[in-house]
Amino acid sequence: MKYTQLGRTGLKVSRLVLGTMNFGPQTDETDSHAIMDAALDAGINFFDTANVYGWGENKGRTESIIGTWFAKGGGRRDKVVLATKVYGNMGADGPAWPNHDKLSAVNIRRAVDASLKRLQTDYIDVYQFHHIDRDTPFEEIWQAIDVLVQQGKILYVGSSNFPGYKIAQANEIAARRGGTIGLVSEQCLYNLAERRAEMEVIPAAQEYGLGVIPWSPLHGGLLGGVLKKEIEGKRRASGRAADALADPATRAQIQSYEDLLDKHGIEPGEAALAWLLTRPGVTGPIVGPRTAEQLASAVRASELELSAELLTGLDEIFPGPGPSPEAFAW
């Protein structure tokens with residue numbers, strides 16, 4: 001496994017990030033623990049979760065599964081760079097009780113203590129804002145974060161789903177306040193089929209020294225050999241992939257993609273991950289395996305070297321927006 005610095009920090013993280021969103025809803029605790037053990041064995045040290053994972057009445061379940069894994073000992077916690085998130089309503093589905101969601105100082109304080117309890121740890125390496133909060137000024141947010149850093153409860157702060165201008169705003173206010181490092185990472189939707197992040201988000205992240213952590217690297221399965229799996233009767237597309245394939249032009253595009261990779265003898269899902277690892281500013285994509293075999297496939301992808309010919313072919317099938325600001329300015 002290869003490692004890199006997380007943005008402008010001295011923190012070393014693996015170039016694959018273990019996503020845990022399936023732990024609980026789709027993967028039971030025993031299998032989740034086995035996947036985390038296998039991830040460590042493969043050299044993956046960067047684990048990502050969120051307080052809301054588990055969803056519905058089981059919000060927090062994923063963090064609890066990670067916590068029971070940490071409690072097994074064996075140096076598990078010390079080997080892991082742990083990232084979790086704050087923003088969502090942790091109560092029953094429906095409108096949140098006032099001050100029980102988003103990024104107010106009171107909710108940040110409440111949420112971090114609850115996450116620490118579920119995770120059975122006394123600190124979080126990277127505490128991430130899951131979404132922007134249009135109602136809370138960054139001065140208040142950074143004040144709350146400063147207290148948590150001083151208490152040793154969190155070490156670094158990242159963002160998720162932030163537009164470029166919010167990354168700039170957050171870090172400019174952090175710099176004016178002094179004493180805080182500001183955002184060090186941005187977790188965004190980015191893959192071959194969805195490259196809009198190249199227009200503003202990734203340039204902002206690079207300018208301010210944030211590591212980019214792409215989520216949904218296979219675009220909901222669309223880039224994982226979905227058409228071949230349909231033909232073989234292994235799995236039918238669902239969710240984002242099914243919606244996309246309803247468009248004949250997209251289906252033809254995905255067919256061209258799978259044909260290209262078949263020509264090069266590379267599995268589509270592994271190529272999609274390997275492509276992200278070639279992109280400027282990318283720390284590592286989040287992989288969310290439901291099984292040990294899916295994890296093994298992701299590890300193989302991290303070792304792939306894509307030829308210049310293949311990279312050119314991928315760009316022809318999935319052209320990006322082009323350099324910023326030219327892509328949107330003229």
Side-chain angles (χ1 to χ4, degrees), residues 15-19 21-22 25-27 161 187-202 212-282 284-291 293-324 327-328:
R15 298 221 61 202
L16 287 180
V17 183
L18 181 68
M21 189 169 64
N22 291 321
Q26 297 192 45
T27 307
N161 305 308
Q187 191 177 124
C188 60
L189 175 61
Y190 183 39
N191 55 55
L192 271 167
E194 176 49 84
R195 296 179 61 170
R196 285 178 293 177
E198 295 174 1
M199 296 179 70
E200 285 280 2
V201 176
I202 293 175
V212 175
I213 306 169
W215 61 266
S216 195
L218 303 188
H219 208 56
L222 188 68
L223 301 171
V226 63
L227 296 180
K228 182 179 179 181
K229 290 174 183 176
E230 279 190 353
I231 292 171
E232 294 175 350
K234 292 181 179 179
R235 185 180 178 189
R236 293 191 61 81
S238 61
R240 183 183 293 127
D243 292 342
L245 290 175
D247 174 24
T250 300
R251 178 173 281 271
Q253 184 184 42
I254 297 303
Q255 188 64 66
S256 296
Y257 165 70
E258 293 189 13
D259 289 344
L260 174 67
L261 294 172
D262 186 56
K263 173 185 172 183
H264 286 266
I266 299 176
E267 290 296 322
E270 294 177 13
L273 289 172
W275 177 83
L276 280 169
L277 291 171
T278 71
R279 306 307 300 165
V282 169
I286 297 174
V287 295
R290 295 186 302 275
T291 65
E293 175 49 40
Q294 289 176 345
L295 176 64
S297 175
V299 172
R300 288 194 297 272
S302 72
E303 300 166 353
L304 272 179
E305 294 289 340
L306 303 183
S307 68
E309 177 190 0
L310 178 53
L311 289 171
T312 298
L314 291 172
D315 269 336
E316 290 173 351
I317 296 170
F318 300 105
S324 175
F328 57 85

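Numbering starts at 1 and runs along the sequence shown. Remember, it's a predicted structure, so these values are computed and weren't measured experimentally. Side chains included, hydrogens not; waters and symmetry mates left out as well; all remaining heavy atoms used.
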Run the side-chain donor-acceptor check on residues 273-281: report pairs under 3.5 Å with partners two or more places apart or on a different chain.
| residue | atom | partner | partner atom | Å |
| --- | --- | --- | --- | --- |
| Thr278 | OG1 | Trp275 | O | 2.6 |
| Arg279 | NE | Tyr190 | OH | 3.2 |

Worksheet item: With a 4.5 Å heavy-atom cut-off, do Val17 and Pro214 have their side chains touching?
Response: no
Worksheet entry | Non-hydrogen side-chain atoms of Leu261 and Leu310 separated by less than 4.5 Å | yes
Worksheet entry | For the student: nearest non-hydrogen atoms of Cys188 and Ala197, plus distance | SG-CB, 4.2 Å
Item to complete: Give, for atom CZ of Arg196 and atom CD1 of Ile202, the distance between the pair rounded to the nearest 0.5 Å.
Response: 12.5 Å
Discussion item. So, taking the atom named CD1 in Ile254 and the one named NE2 in His219, what distance separates them when rounded to the nearest 0.5 Å?
Written reply: 8.5 Å
Discussion item. Donor-acceptor check, side chain of Asn191 to backbone of Ala272, threshold 3.5 angstrom: yes or no?
Written reply: no
Fill in: Test side chain to side chain donor-acceptor pair (under 3.5 Å) applied to Asp262 - qualifying residues, sequence neighbours left out
none
Would you be so kind as to tabulate the donor-acceptor pairs closer than 3.5 Å made by side chains of residues 311-318, with sequence neighbours excluded?
| residue | atom | partner | partner atom | Å |
| --- | --- | --- | --- | --- |
| Thr312 | OG1 | Ala308 | O | 3.0 |
| Asp315 | OD1 | Arg195 | NH1 | 2.8 |

Discussion item. Distance check, rounded to the nearest 0.5 Å: Ile286 atom CD1 versus Leu18 atom CG?
Written reply: 9.5 Å
Worksheet item: Quick one: side chain to side chain donor-acceptor pair (under 3.5 Å) partners of Thr27, sequence neighbours excluded?
Response: none
Discussion item. With salt bridge (Lys or Arg N to Asp or Glu O under 4.0 Å) as the rule and sequence neighbours excluded, what pairs involving residues 300-310 come up?
Written reply: Lys2-Glu305, Lys263-Glu309, Glu270-Arg300, Glu293-Arg300
Worksheet item: For Arg15, which residues count as a salt bridge (charged side-chain N to carboxylate O under 4.0 Å, His left out) partner, sequence neighbours excluded?
Response: none
Fill in: side chain to side chain donor-acceptor pair (under 3.5 Å) partners for Gln294, two or more places apart
none
Item to complete: Can you tell me which residue pairs pass the salt bridge (Lys or Arg N to Asp or Glu O under 4.0 Å) test with a partner in residues 241-255, sequence neighbours excluded?
Response: Glu230-Arg251
Response to the item:
Between Ala241 and Gly220 the two heavy atoms that sit nearest each other are CB-O, 3.5 Å
Worksheet entry | From Thr250 atom OG1 to Leu245 atom CG, the distance as rounded to the nearest 0.5 Å | 7.5 Å
Item to complete: Would you please name every residue forming a salt bridge (charged side-chain N to carboxylate O under 4.0 Å, His left out) with Glu258, sequence neighbours left out?
Response: none
Discussion item. If I compare all heavy atoms of Gly269 with all of Leu218, which pair ends up nearest, and what's the gap?
Written reply: O-CD2, 3.5 Å
Worksheet item: Can you tell me how far the CD atom of Glu198 sits from the OG atom of Ser324, to the nearest 0.5 Å?
Response: 10.0 Å
Item to complete: Check the pair Ser297 / Glu267 against side chain to side chain contact (heavy atoms under 4.5 Å, CB included), numbers first and verdict last.
Response: CA-CA 9 Å; Ser297 175; Glu267 290 296 322; 5.7 Å; no
Practice prompt. Apply side chain to side chain contact (heavy atoms under 4.5 Å, CB included) to Ala327 and list each qualifying residue two or more places apart in sequence or on a separate chain.
Written response: Met199, Pro321
Worksheet item: How would you list, by chain and number, every residue that makes a side chain to side chain donor-acceptor pair (under 3.5 Å) with Tyr257, sequence neighbours excluded?
Response: none
